[in-house]
Amino acid sequence: MSNLSAATVTDLDRIVEHELLHGSGLQLADVEKVLGQVMGPGIDASDVYFQHVTQESWALEDGRVKDASQSIDQGVGIRAISGDKCGFAYSDELQLPALTAASRAAKAIARSGQEGRLQAWHRTAATPLYMPDNPLASFTDQRKIALLEQINDEVRSFDPRVCQVVVSLSGVHELMLVAASDGTLASDIRPLVRLNVSVIVEQNGRREQGYSGCGGRYAYDYFTRDDRAGELGRDAVNQALINLDSAPAPAGPMTVVLGPGWPGILLHEAIGHGLEGDFNRKETSAFSGRVGEKVGSEHCTVVDDGTLPDRRGSLSVDDEGVVSQCTTLIENGVLRGYMQDKLNARLMGVAS
């Protein structure tokens, strides 16, 4: 028997353990045994991560289904941590012999730390940020194609200058389970869907393109509610029509106002990586050792928020089994902290 504490086993936990463990003849006691084999002299911490991902994509171009694909990936990864070194091994076979072999490999790579011990497991209690739906099963294939065809027809009816329409639909259903030597035991079912509409309009020999898309952790019926699919089509057409009347952008410095959405990627690339814990622990970031200092305008506050319900960047628990949080990185221009995973949090003496 596993040394799991008496925390409540939810329906989600049962589903994940049945699909990832029991279906392959594994029990939590087997996972505990594997972790125990990793721990010992030279190993500070370890974890085992199971994952099963099913994903599909559909694309309709000029009224015809041009592409349809589905794939299934599964596997288990075992990580052994020694100081700031990680040994990692994986297998796509969810069988005890494969786990045992991977555990030995991970331990051999990392060995040089302290005497690690396996703690009693406790299930991570997280507030669900999305429904554990399987979006791929929420619509039949015929209904998925019908949705794409409906959007294509509506977009073409918006304006006679529309000459090409591409509509794509994609979905992911992911199951994960992570068990760690620090007592973490967490599981999650993660849906993810996206719908994209791309159009080309033509007028007087000039062609321009417009694009719109949205998604999140929903089932496919999200796109059929509140005329959401139609709104995406109209946005794509309007963008393309505005481009028809556009003039070349002037050169030189100018004021730029960034709206919500994709500009967040610019922020991430500009300073996000520099705010990750490992770069600052190694003092290779421009923000190293500057917590409490002014690093930007007093009008600037930056947060890393993984708690927004149903959003594609949110997770009920992350891949280390930690409940997602809203972490303030910069507040009114002052650096407040960094993004920390378990390894860096332990080495820097802060919370993950």
Side-chain angles (χ1 to χ4, degrees), residues 12 15 52-73 128-159 161-175 188-201 209-243 259-265 305-316 324:
L12 184 148
I15 293 171
H52 183 281
V53 180
T54 307
Q55 52 189 336
E56 68 174 6
S57 63
W58 299 80
L60 183 139
E61 184 174 345
D62 293 329
R64 301 178 62 181
V65 176
K66 185 177 181 180
D67 179 68
S69 63
Q70 185 178 87
S71 64
I72 298 175
D73 296 292
L129 299 177
Y130 34 81
M131 296 297 294
D133 298 320
N134 181 353
L136 283 64
S138 63
F139 278 17
T140 63
D141 290 349
Q142 290 76 15
R143 191 175 180 189
K144 297 166 190 173
I145 295 172
L147 174 61
L148 298 178
E149 292 175 337
Q150 174 190 339
I151 297 171
N152 173 76
D153 294 341
E154 288 183 1
V155 169
R156 291 182 178 277
S157 70
F158 292 149
D159 193 283
R161 289 170 287 184
V162 174
C163 62
Q164 185 177 21
V165 179
V166 178
V167 188
S168 62
L169 179 70
S170 61
V172 178
H173 181 234
E174 176 186 353
L175 293 85
D188 197 13
I189 298 177
R190 302 167 176 172
L192 186 63
V193 297
R194 183 160 185 87
L195 177 65
N196 296 323
V197 181
S198 176
V199 304
I200 293 178
V201 297
Q209 184 176 20
Y211 165 86
S212 186
C214 72
R217 300 196 177 278
Y218 312 96
Y220 283 141
D221 63 356
Y222 171 75
F223 301 120
T224 64
R225 301 195 302 266
D226 303 321
D227 191 33
R228 192 164 280 112
E231 183 179 345
L232 292 178
R234 284 188 291 272
D235 287 346
V237 172
N238 288 336
Q239 184 183 116
L241 294 178
I242 289 173
N243 288 338
W262 288 111
I265 302 296
D305 192 354
T307 68
L308 304 177
D310 301 320
R311 299 298 291 271
R312 64 179 296 116
S314 295
L315 294 172
S316 300
S324 293

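What you see is a predicted model, and the numbers here were worked out from it, not measured in a lab. This chain uses plain numbering: 1 for the first residue, then up along the sequence.
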Tell me whether [X] contacts the main-chain N or O of [Y] through its side chain, where contact means a donor paired with an acceptor under 3.5 Å.
{"X": "Q55", "Y": "G171", "value": "no"}
{"X": "R217", "Y": "P191", "value": "yes"}
{"X": "N134", "Y": "L136", "value": "yes"}
{"X": "D133", "Y": "P135", "value": "no"}
{"X": "N243", "Y": "Q209", "value": "yes"}
{"X": "Y130", "Y": "S316", "value": "yes"}

Any chance you could lay out the salt bridge (charged side-chain N to carboxylate O under 4.0 Å, His left out) test for R234 and D227, step after step, and finish with the verdict? CA-CA 11 Å; R234 284 188 291 272; D227 191 33; 2.5 Å; yes
Nearest 0.5 Å please: distance from the [atom1] atom of [X] over to the [atom2] atom of [Y].
{"X": "R64", "Y": "N152", "atom1": "CZ", "atom2": "CG", "value": "12.5 Å"}
{"X": "D141", "Y": "Q70", "atom1": "CG", "atom2": "CD", "value": "8.0 Å"}
{"X": "D235", "Y": "F158", "atom1": "CG", "atom2": "CZ", "value": "9.5 Å"}
{"X": "L308", "Y": "L129", "atom1": "CG", "atom2": "CG", "value": "8.5 Å"}
{"X": "L169", "Y": "R194", "atom1": "CG", "atom2": "CZ", "value": "11.5 Å"}
{"X": "N196", "Y": "S57", "atom1": "CG", "atom2": "OG", "value": "11.0 Å"}

Heavy-atom closest pair, residues [X] and [Y]:
{"X": "S168", "Y": "L195", "answer": "O-CD1, 3.3 Å"}
{"X": "K144", "Y": "F139", "answer": "CE-O, 3.1 Å"}
{"X": "S138", "Y": "Y220", "answer": "OG-N, 3.3 Å"}

Run the salt bridge (charged side-chain N to carboxylate O under 4.0 Å, His left out) check on R156 and D62 step by step: do they pass? CA-CA 10 Å; R156 291 182 178 277; D62 293 329; 3.3 Å; yes
Hey, does the Lys NZ or Arg CZ of R228 hover above the aromatic six-ring of Y222, less than 6.0 Å from the centre and inside 45° of the axis? yes
If you apply the rule side chain to side chain donor-acceptor pair (under 3.5 Å), what do you find for T307 with S324, and how did you get there? CA-CA 6 Å; T307 68; S324 293; over 6 Å; no
Less than 4.5 Å apart, side chain to side chain, heavy atoms only: is that true for V201 and C163? no
Do L241 and Q239 have side chains that approach each other closer than 4.5 Å (heavy atoms only, starting at C-beta)? no
Between L148 and the options L60, V197, D153, V166, the side-chain contact (heavy atoms from CB on, under 4.5 Å) test singles out L60
Can you see whether D310 engages Y218 through a side-chain donor-acceptor pair at a distance of less than 3.5 angstrom? no
Q164-E61 side chain donor-acceptor pair, cut-off 3.5 Å: yes
